[in-house]
Amino acid sequence: NEKSNQPAHALKEKGVRPGTIVGVMVEPSLEMVTGLLGILKAGGAYLPIDPGYPGERRAYMLSDSGAKILLTGQEINGLISTSPSALRPFDPSGSSDLAYIIYTSGTTGKPKGVAVEHKGIVNYTAWRLANYDYSGKDVTLQLLSYSFDGFGSNFYSPLLSGGKLILIPRENLLDYDYIAAVVRKEKVTNTSIVPGIYELLLDALGSKDMESLRFVVLAGEKTGEHLVAGSKKKSPGT
């Protein structure tokens, strides 16, 4: 919380206000978390850009969105180290102000930016916290890229309930034995995930690994009955 207050102050000094778009291009990391929250606390809206995107797509997103600033992990650390205050800044954002912009894949033409307002993510997260009975004991696994809208499900829920958020390094995102070991070690209780990825993860998980899992949300594509049956067979309580 204090770390994200520091870049917020620095961004406000750079002119970030409600409606200001700030691009963020970082790996899954603490810098990513402090950067996203810092932009929101400054009153701006973040535009997540996957570092793996081709240069042409990155340039198009920055130009099309009208982003005024682009932050990398190194620059976020720089804002933290140079900011004079870790106190919470005054946040001028209203419920109808932009929180973030997510770009579509662009498979049917040029990518299109989808603007999400504060009230949308706040209402959705409040529903999640109540519906899934989140608490400070929950441990949420994040396997989704922050440039995918489903990212917010795993991102905001643990942070706003006092729980733990587990980020996986980019180089391990397709290593399901590694991820299964993380689930086991950290006693992960939940995740929101694409069915195809859950199927691969389920193959790597043993029944013992899944004892801590309270719930898994499958979204983004159709879920086959065999996947649900396989999950219930391996972990009836999930």
Side-chain angles (χ1 to χ4, degrees), residues 4-5 7-76 79 89 91-128 142-160 165 167 170 192-194 219-221:
S4 62
N5 288 340
H9 282 288
L11 288 168
K12 283 172 72 73
E13 289 176 6
K14 291 179 180 293
V16 172
R17 299 288 184 270
T20 303
I21 310 300
V22 181
V24 187
M25 190 166 66
V26 292
E27 299 288 346
S29 60
L30 181 61
E31 288 75 28
M32 179 188 75
V33 178
T34 55
L36 298 183
L37 295 181
I39 293 166
L40 292 177
K41 288 182 177 188
Y46 62 83
L47 168 67
I49 300 175
D50 194 310
Y53 282 163
E56 184 180 350
R57 179 180 170 92
R58 285 183 281 175
Y60 170 78
M61 290 170 63
L62 288 168
S63 172
D64 185 67
S65 66
K68 304 297 183 186
I69 300 172
L70 175 62
L71 297 179
T72 64
Q74 186 175 359
E75 287 163 338
I76 291 169
L79 294 179
D91 182 0
S93 299
S95 64
S96 295
D97 286 323
L98 286 184
Y100 60 86
I101 296 177
I102 294 286
Y103 271 76
T104 61
S105 61
T107 51
T108 58
K110 285 189 174 181
K112 297 175 181 64
V114 180
V116 179
E117 299 174 346
H118 278 270
K119 60 186 175 185
I121 190 64
V122 168
N123 287 342
Y124 173 60
T125 303
W127 173 83
R128 275 190 123 250
Q142 177 65 282
L143 295 179
L144 302 176
S145 166
Y146 73 161
S147 59
F148 175 61
D149 197 44
F151 170 87
S153 298
N154 294 323
F155 182 69
Y156 291 106
S157 299
L159 296 182
L160 294 177
L165 173 64
L167 300 173
R170 176 187 293 273
S192 180
I193 200 170
V194 176
E221 61 189 32

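Side-chain atoms of Ser63 never come within 3.5 Å of backbone atoms of Tyr60 as a donor-acceptor pair (strictly under, hydrogens ignored). Between the side chain of Thr125 and the backbone N or O of Val122 there is no donor-acceptor pair closer than 3.5 Å. Of the possible donor and acceptor atoms, one in the side chain of Tyr103 sits under 3.5 Å from a partner among the backbone N and O of Ser65. The main-chain N or O of Gly44 is never found under 3.5 Å from a side-chain atom of Thr20 such that the two would form a donor-acceptor pair.
Within 6.0 Å of the CD atom in Glu221, the count of heavy atoms belonging to other residues, nucleotides or ligands exceeds 12. Within 6.0 Å of the NZ atom in Lys112, the count of heavy atoms belonging to other residues, nucleotides or ligands exceeds 12.
The two residues Ser145 and Phe151 have their closest heavy-atom pair at O-CB, 3.4 Å. What you find for Ala8 and Lys41 is that their closest heavy atoms are CB-CB, 3.7 Å. Minimum heavy-atom separation, Phe155 to Val33: CE1-CG2, 3.9 Å. Looking at every heavy atom in both residues, Val24 comes nearest to Ile76 through CG1-CD1, 4.4 Å. Residues Ser93 and Gly43 share a closest heavy-atom pair of OG-CA, 3.3 Å. Here the shortest heavy-atom pairing between Leu47 and Ile101 reads CD1-O, 3.6 Å.
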side-chain contact (heavy atoms from CB on, under 4.5 Å) evaluation trace for Met61 with Tyr53: CA-CA 10 Å; Met61 290 170 63; Tyr53 282 163; 3.9 Å; yes
Pair Val194-Leu144, side-chain contact (heavy atoms from CB on, under 4.5 Å): steps then yes or no: CA-CA 8 Å; Val194 176; Leu144 302 176; 4.3 Å; yes
Evaluation steps, side-chain contact (heavy atoms from CB on, under 4.5 Å), between Leu79 and Lys14: CA-CA 11 Å; Leu79 294 179; Lys14 291 179 180 293; 3.8 Å; yes
Candidate pair Leu98 and Ile21, rule side-chain contact (heavy atoms from CB on, under 4.5 Å), full reasoning: CA-CA 9 Å; Leu98 286 184; Ile21 310 300; 3.9 Å; yes
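Taken from NZ in Lys68 to CG in Leu62, the straight-line distance is 11.5 Å, to the nearest 0.5 Å. Here the straight-line distance linking atom CD of Glu117 with atom OG of Ser95 works out to 7.5 Å at 0.5 Å rounding. Note that OG of Ser4 is 9.5 Å distant from NE2 of His9, once rounded to the nearest 0.5 Å. In this structure, Phe148 CZ and Leu143 CG are separated by 12.0 Å, a value rounded to the nearest 0.5 Å. The line from OG1 of Thr72 to CD1 of Ile49 is 11.5 Å long, rounded to the nearest 0.5 Å. Here Tyr146 contributes atom OH and Glu27 contributes atom CD; the two are 8.0 Å apart, rounded to the nearest 0.5 Å.
Side chains of Leu71 and Glu31 form no contact here, defined as non-hydrogen atoms less than 4.5 Å apart. Residues Met32 and Leu167 form a side-chain contact, since some pair of their non-hydrogen atoms from C-beta on lies under 4.5 Å apart. With contacts defined as side-chain heavy-atom distances shorter than 4.5 Å, the pair Leu11/Ile69 qualifies. Considering only heavy atoms from C-beta on, Arg128 comes within 4.5 Å of Ser192 through its side chain. Gln142 has its side chain out of reach of Pro28: every pair of non-hydrogen atoms, C-beta onward, lies at least 4.5 Å apart.
The only option from Arg58, Arg57, Arg170 that meets the salt bridge (Lys or Arg N to Asp or Glu O under 4.0 Å) definition with Asp50 turns out to be Arg170.
The aromatic rings of Tyr100 and Tyr46 lie parallel to each other, with less than 30° between the two planes, well short of the 60° mark.
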